[in-house]
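The shown structure was predicted, so the numbers you read here are calculated from the model rather than taken from an experiment. All values below were derived from every heavy atom in this structure, side-chain atoms included, with hydrogens, water molecules and symmetry-related copies excluded.
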Amino acid sequence: MSVARSAERSVEQSMSMYRRAEELIPGWTQLISRRASQFANGVSPVYAESAKGARFVDVDGNEYLDMMNAVSAIILGHADDVVDGAVKEQIDRGSIYTLNGPLEIELAEELVDTIPSAEMVRYAKAGGETCALAARIVRGTTGRDIILFCGYHGWHDWYQSANYLVDPESGEYPFAGIEPIGVPRVLAGTAIPFTYGDLDMLSDLLKRYDGQVAAVMMEPARSELPPPGYLEAVKSMAHEHGALLVFDEVSCGWRFRIGGFQEYTGVTPDVTTLAKAMSNGYAMGAVVGSREAMAPAASMFVSSSYWSDNVGLAAALTTIRELKRRDSVPFFDTMGERVKKTMNEALASAGLPGACVGLSYNPGLAFDLPDPELTPVVSTLFVQEMSRRGVFTPTSFRVTMAHTEEDIRQLGEAAAEVFGLIKSGLDRGNLSDLLVCDLKKEPFRRLVR
């Protein structure tokens with residue numbers, strides 16, 4: 001497949017639908033990461049009509065190699081035949097019953113066998129929901145109110161209340177660009193951020209709120225491995241102050257290791273939140289943890305009709321088993337390293353300073369620019385020009401098990417052309433003139449690398 005820019009690659013229908021959405025849907029989309037402002041507005045597609053394997057087709061009929069994959073929810077590939085087959089079979093038996101279904105127990109047993117921290121399991125439907133559920137459970141189990149956190153944990157009140165505080169490093173909201181509109185101010189001070197890797201800050205917070213901290217909740221890692229001994233120290237400090245340790249593996253789980261970062265590091269938290277890739281695109285999430293941490297939830301009112309619908313259960317159970325059957329871990333290690341090698345070769349061939357770095361499951365571009373203020377321009381131009389060449393991607397890359405070596409070659413060829421264009425714009429000083437869209441906006445910044 002040629003990577004040459006197509007003059008016929010129009011997104012007119014996408015933009016027309018987006019204008020209709022503005023009149024009907026506050027915020028245009030249900031997920032901030034799907035807004036047009038997150039990509040190259042007017043050049044990148046906004047609506048898709050079908051997806052299969054490593055590609056999707058937008059509403060204008062353009063096909064794209066997908067390197068974003070539903071913000072990491074797709075892990076086996078779009079519309080995977082095995083997972084979809086299991087779902088279709090389950091639909092014929094009923095999507096949800098008046099009674100409980102046996103898959104509820106079967107998936108729980110699979111999770112207990114797979115995730116080191118899992119002895120008991122509760123279900124949910126989305127990542128943010130699992131974090132809210134975990135927050136309720138750890139507060140109920142400990143009888144304490146405060147949660148110290150590091151990372152992104154969803155949109156719910158318990159978490160967004162942190163934006164009534166001030167980030168100790170920047171002096172701004174902990175989540176830049178997200179105001180806590182609609183969040184009760186009385187919750188201020190019940191969720192407090194700490195900086196990843198800063199044990200002194202965490203220690204100070206635990207001492208300052210001694211006897212009040214229910215849990216330390218954190219993303220154990222995203223693009224870099226944690227410093228040696230860091231997670232062990234966090235767990236020790238939390239337990240020393242009577243707090244539970246929660247790993248949010250909604251985003252980082254499944255690809256690096258099927259059992260999560262905790263399997264790789266050997267640091268087992270008390271509670272873990274899971275979602276996204278666990279069901280290859282079907283709505284499903286889970287909170288798992290030790291019996292000691294989870295059993296008190298039997299007395300808590302945490303209840304929802306759809307938390308254990310059979311479609312999500314069947315999708316998750318099949319996805320986890322397929323990851324094991326297809327030996328996913330070496331695949332993602334190999335393909336991720338191939339992406340990094342290919343992108344670094346493309347950077348070198350264009351003479352553009354920078355590198356593709358990070359863990360194999362989610363490598364990303366780090367440009368070495370003469371002026372840091374050029375970063376959003378370069379990032380937007382990269383997204384714009386890759387879209388024009390039929391590759392839908394931010395500046396980071398997540399492969400699925402449907403991606404092939406040929407797909408990575410296509411990614412590299414398109415990137416080499418785009419890097420050459422960026423290098424030319426930098427050399428000539430006309431970089432901004434190459435943009436035909438507004439600068440893409442980052443919805444929030446994370447507190448973990």
(request) With rounding to the nearest 0.5 Å, note down the distance linking OG1 in Thr319 to CZ in Arg321. (result) 11.0 Å
(request) Please round to the nearest 0.5 Å and tell me the distance separating atom OG1 of Thr375 and atom CG of Leu365. (result) 11.5 Å
(message) Suppose we call two aromatic rings close when their centres sit under 6.0 Å apart. Are Phe261 and Phe247 close by that rule?
(response) no
(request) Please check if atom NZ in Lys341 has more than 12 non-hydrogen atoms from other residues, nucleotides or ligands closer than 6.0 Å. (result) no
(message) Do the side chains of Asp81 and Lys88 get close enough for a salt bridge, i.e. N-O under 4.0 angstrom?
(response) no
(request) Calculate, to the nearest 0.5 Å, the distance between atoms OH and OH belonging to Tyr230 and Tyr196 respectively. (result) 6.5 Å
(request) Give a yes or no on whether Arg136 atom CZ has more than 12 heavy-atom contacts from other residues, nucleotides or ligands under 6.0 Å away. (result) no
(request) Taking only Lys NZ, Arg NE, NH1 and NH2, and the carboxylate oxygens of Asp or Glu, determine whether Glu129 and Lys125 approach each other closer than 4.0 Å. (result) no
(request) Please check if atom CZ in Arg185 has more than 12 non-hydrogen atoms from other residues, nucleotides or ligands closer than 6.0 Å. (result) no
(message) Please determine whether a side-chain nitrogen of the Lys or Arg among Glu22 and Arg19 lies less than 4.0 Å from a carboxylate oxygen of the Asp or Glu.
(response) no
(request) Verify the neighbour count for atom CZ of Arg20: are there more than 12 heavy atoms of other residues, nucleotides or ligands below 6.0 Å? (result) no
(message) Given Thr400, which partner from the list Asn69, Asn280, Asp66 fulfils the side chain to side chain contact (heavy atoms under 4.5 Å, CB included) test?
(response) Asn69
(message) Distance alone, cut at 3.5 Å: any donor-acceptor contact between the side chains of Asp58 and Ser14?
(response) no
(message) I'd like to know if Lys276 pairs up with Glu249 as an ion pair, taking the criterion as any Lys NZ or Arg NE/NH1/NH2 lying under 4.0 Å from an Asp or Glu carboxylate oxygen.
(response) no
(message) Which label fits Phe392 and Phe39: parallel for a plane angle under 30°, tilted from 30 to 60°, or perpendicular past 60°?
(response) tilted
(message) Please determine whether the number of non-hydrogen atoms from other residues, nucleotides or ligands lying under 6.0 Å from atom CD1 of Ile105 exceeds 12.
(response) no
(request) Go through the steps to decide whether Ile32 and Gln38 satisfy the test side-chain contact (heavy atoms from CB on, under 4.5 Å), and finish with yes or no. (result) CA-CA 8 Å; Ile32 289 178; Gln38 307 308 303; 4.2 Å; yes
(message) Centre-to-centre under 6.0 Å for Tyr361 and Phe332, is that the case here?
(response) no
(message) Between Asn362 and Ser223, do the side chains contain a donor N or O and an acceptor N or O under 3.5 Å apart?
(response) no
(message) What I want to check is whether the side chains of Ser117 and Gln262 have a donor and an acceptor closer together than 3.5 Å.
(response) yes
(request) Find the distance between NE2 (His78) and CG (Asp84) and round it off to the nearest 0.5 Å. (result) 11.5 Å
(message) Between Lys235 and Glu232, does any NZ, NE, NH1 or NH2 come within less than 4.0 Å of an OD or OE carboxylate oxygen?
(response) no
(request) Run the salt-bridge test on Arg122 and Glu104 with the 4.0 Å N-O cut-off and return the result as yes or no. (result) no
(message) For the NE2 atom of His241 and the NZ atom of Lys207, what is their distance to the nearest 0.5 Å?
(response) 6.5 Å
(message) To the nearest 0.5 Å, what is the distance between CZ on Arg255 and CD1 on Ile75?
(response) 4.5 Å
(request) Taking the six-membered ring for Trp and the full ring for Phe, Tyr or His, determine whether the centres of Tyr159 and Phe149 are under 6.0 Å apart. (result) yes
(request) Indicate yes or no: does Asp407 engage Arg338 in a salt bridge with an N to O separation below 4.0 Å. (result) no
